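Working notes, beginning with the structure itself.
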2 protein chains.
Amino acid sequence: MARPERKTVRDVRKGNRGMLLRTLYFGGPRSRHELTGLTGLSAATISTMTGDLLTEKILMEAGQVDSDGGRPRVLLRVNPVYAYLIGVDVAETHVRVELFDLEMTEKARVDYTLRPSHHDIELVARRILAGIDVVLADGQVTAAQVLGVGIGVPGIVERGVPDALIHAKTFGWDGVPLGALMRAGTSLPVFIDNGAKTMGQAELWFGAGRGADHAVIVLIGSGVGATVVADGQAVRGTSNSAGEWGHTKIEMNGRPCRCGSRGCLEAYIGAEGLLDRAGVPVQTTDWPSALGRVLDVGGPVVDETVTYLGTGLANLINMLNPERILIGGWAGLMIGERHLDQIRVVVGENSLTQPYNATSIVLGELGPDAVAMGAATLVLEEFLDASAPLRLHAAS
Amino acid sequence: MARPERKTVRDVRKGNRGMLLRTLYFGGPRSRHELTGLTGLSAATISTMTGDLLTEKILMEAGQVDSDGGRPRVLLRVNPVYAYLIGVDVAETHVRVELFDLEMTEKARVDYTLRPSHHDIELVARRILAGIDVVLADGQVTAAQVLGVGIGVPGIVERGVPDALIHAKTFGWDGVPLGALMRAGTSLPVFIDNGAKTMGQAELWFGAGRGADHAVIVLIGSGVGATVVADGQAVRGTSNSAGEWGHTKIEMNGRPCRCGSRGCLEAYIGAEGLLDRAGVPVQTTDWPSALGRVLDVGGPVVDETVTYLGTGLANLINMLNPERILIGGWAGLMIGERHLDQIRVVVGENSLTQPYNATSIVLGELGPDAVAMGAATLVLEEFLDASAPLRLHAAS
DNA sequence: CATGTTAGTTCAATGCGTGAACGAAACGGC
DNA sequence: GCCGTTTCGTTCACGCATTGAACTAACATG
């Protein structure tokens, strides 16, 4: 029973302004007249609001179109260079910092390689901060033009606590305060979330999930996770760790999983589990091409994998009744590209008719590199929801 | 990406009024002064708003308390007899109609037995309509005082479509328009949902789920279902059929399930599956006492059941990260009363540490008879959210 | 150039929450 | 019994929101 907040007349403006901004952001250039229909607001309100947004330079004019026999309509659009966003992908082997304009066009990027022994959190924070300076310089953008920094990290990001604490076993991070470290080095607003979640967010906003209100985005790499979207909102759970699909049990006394338990879905369909089951030596370094060979050769292991994946997806459909399921992650895309039809068949056999018919199962569009973009999306979301109070910030 | 609606100043009032009503409804009698703190609204707003609500007789005074050395505070509360709610439970063997006051105190009730051959939808509708008249007469309440009728039915209730259509295989209902039939017989607003969902709603509002923002309420009877609550809202999915937990697969080539598939959770922990596994003949009529005997004797089947149930719950925890899990339904309560500790152990072994620690697993409080109350809660929810536009309706 | 059509703006009206001033109802001390 | 103090509650002018109606702007057509 989420308590609604107290509202005042100003919140009305904030909400309507956000709605208008979203319509224009996703609905392409539109005239003021069209916006009245799309938003439900009166022409008067649209007029004053677009006036404000134009003087703030958040919107810009985008040509005009004839309207047979009358005054031509002036098209409005979001000004892509009004401000910029920074997205960061902290992964096992690298830290990547990317600079985007408001339309998510990449303006600059820098990569830092992490040696396995160097997952020291302070080093990572220094890399990120240095990367911010580099992309700003490369993109010829000042910090004052940046709305914020989104960071996708591995592991669980505890929110709500005084500071976002990160727990990532494989990194040796146990309650690491990345947010605090960032704030010590920059005055830009910082948003942190799990990398799989930010990737899901990217697919939802800019990939195959566009427009879906109820969706599940599953990410299959060496690990397996999911982003659940209900009523247009990502389901985070009570401590922001919802979506651990990989460790749901699909077989009561199944294969041991690296999490210590048995029968986890990840032990079957995760890249590592899959390669292991196919008899590929663990030392193999180039997992993607090894996986490609396994999938191309086919055989019972591959068939089994399809069955496990399809059954796992069927469980999601029964439980959550999404309108769309996206399969993403590098391994997920490789499996999906070759076996999507078979997967659909298995899903159909293992889910109830009514929810199955309501779902479409598709592949992700953005590829495995969307973590940083999704992280930047966290900043964008904040901007679209609350562009009024959120101000551009001073340089660090 | 749920589109927010256009808002005007009046929506501000509606929202704040709803918040105030909720605080008073769940937060017991309060003085105006306390309400300023609890709602965040100014004293001025509280004053005018309570004034309105008092003249509308939605609120009433509830005595006063001294305040050392100053004017005593006048306590306000929701007037329980301002209006009434009707809840209906349509089950396999009976139709039950109950009349509640605003505080969910039962004022009258009537039961109709359904013979297995008489699940004709028109008959059911006639029974409900007759039942409404009976409880109104018994409770000495006029239809004009009733806010609406909530109905809990078996099967899937498709919403959004022109009319709520009901699909219930066991009843032979395939797209049955109960809502339309009701409207033909009464002018009261009608709300229809799956009975397991309404029961979950009842537990969430008035049972062991009070105050939880992220919860899963699992219901185990002969069938198995779940209500998922995220951010205080029930997750319905795209066609209102989310929560089919019973038919998620927990064993790849497991027991056949009555749904036609194999390895469904319901085939193991549903009352029917459990009794069958324990070797109890299917013809047994008194399932509850048979189940009691099986559970009291114990043995490997019971242990297995605990393992399956615990593993299923662990999957929910990993996937959804709830703060609370409620076990309900007549069979669920019987198992839970005897084996809750063992269940907790199994859950701990099969879920990730962090989300496990964030969850408490408890039994439902309301017993298996809460379907009608939960259905009435649908009406109450509407009232609390929008008491302003929702008017009392003329008699049928 | 007059007329019609469509697009966009301005303005008075209405509604809402708020802070500040005000009124109400108790107590304690004398 | 009176008065100051304390706490609770109400009233009112103000700022800010949307809106419909009246108005202006910019085009096409004849």
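A quick note: this is a predicted structure, and the numbers were derived from the prediction, not measured. Each chain gets a letter, A, B and so on, in the order the sequences are listed, and its residues count up from 1.
- To the nearest angstrom, P of D/dA17 lies 16 Å from CG of B/Asn16.
- In terms of heavy-atom proximity, B/Glu365 sits nearest to B/Gly207 at OE1-C, 3.3 Å.
- The distance from atom CZ of A/Arg10 to atom P of D/dT18 is 12 Å, rounded to the nearest whole Å.
- An OP1 or OP2 oxygen of D/dT18 is reached within less than 4.0 angstrom by a side-chain nitrogen or oxygen of A/Arg13.
- By the side chain to side chain donor-acceptor pair (under 3.5 Å) test, A/Thr142 is found to be paired with A/Gln145, residues two or more places apart in sequence or in another chain being considered.
- For A/Ala375, the side-chain contact (heavy atoms from CB on, under 4.5 Å) partners are A/Thr198, not counting sequence neighbours.
- In terms of phosphate contacts, A/Thr45 brings a side-chain nitrogen or oxygen within less than 4.0 Å of OP1 or OP2 of D/dT19.
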Produce the list of close N/O pairs, under 3.5 Å, pairing protein atoms with atoms of nucleotides 6-10 of chain D; give distances to one decimal.
unit_1, atom_1, unit_2, atom_2, d
D/dT6, O2, B/Gly69, O, 3.0
D/dT7, O2, B/Arg71, N, 3.2
D/dC8, OP1, B/Arg73, NE, 3.1
D/dC8, OP1, B/Arg73, NH2, 2.3
D/dC8, OP2, B/His33, NE2, 3.0
D/dC8, O2, B/Arg71, NH1, 2.9
D/dG9, OP1, B/Val74, N, 2.9
D/dG9, OP2, B/His33, N, 2.8
D/dT10, OP2, B/Arg32, NE, 3.1
D/dT10, OP2, B/Ser47, OG, 2.5
D/dT10, O5', B/Ser47, OG, 3.2

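- Residues passing the side chain to side chain donor-acceptor pair (under 3.5 Å) test with B/Arg13, sequence neighbours excluded: B/Asp52.
- Taking B/Ser31 as the reference, B/His33, B/Glu34, B/Arg73, B/Leu75 meet the side-chain contact (heavy atoms from CB on, under 4.5 Å) condition, with sequence neighbours excluded.
- If you measure from atom CZ of A/Arg17 to atom P of D/dT18, you get 11 Å, rounded to the nearest angstrom.
- Evaluation of the salt bridge (charged side-chain N to carboxylate O under 4.0 Å, His left out) test over residues 38-48 of chain B, restricted to residues two or more places apart or in two chains, returns none.
- By the side-chain contact (heavy atoms from CB on, under 4.5 Å) test, A/Val228 is found to be paired with A/Val235, A/Leu320, B/Met319, residues two or more places apart in sequence or in another chain being considered.
- Using a 4.0 Å heavy-atom distance criterion, B/Val9 is classed as a base contact.
- Taking the 5' to 3' direction, DNA chain C first and last meets chain B under 4.0 angstrom from a heavy atom at C/dG15 to C/dC27.
- In this structure, B/Glu203 has no side chain to side chain donor-acceptor pair (under 3.5 Å) partners at least two apart in sequence or on a different chain.
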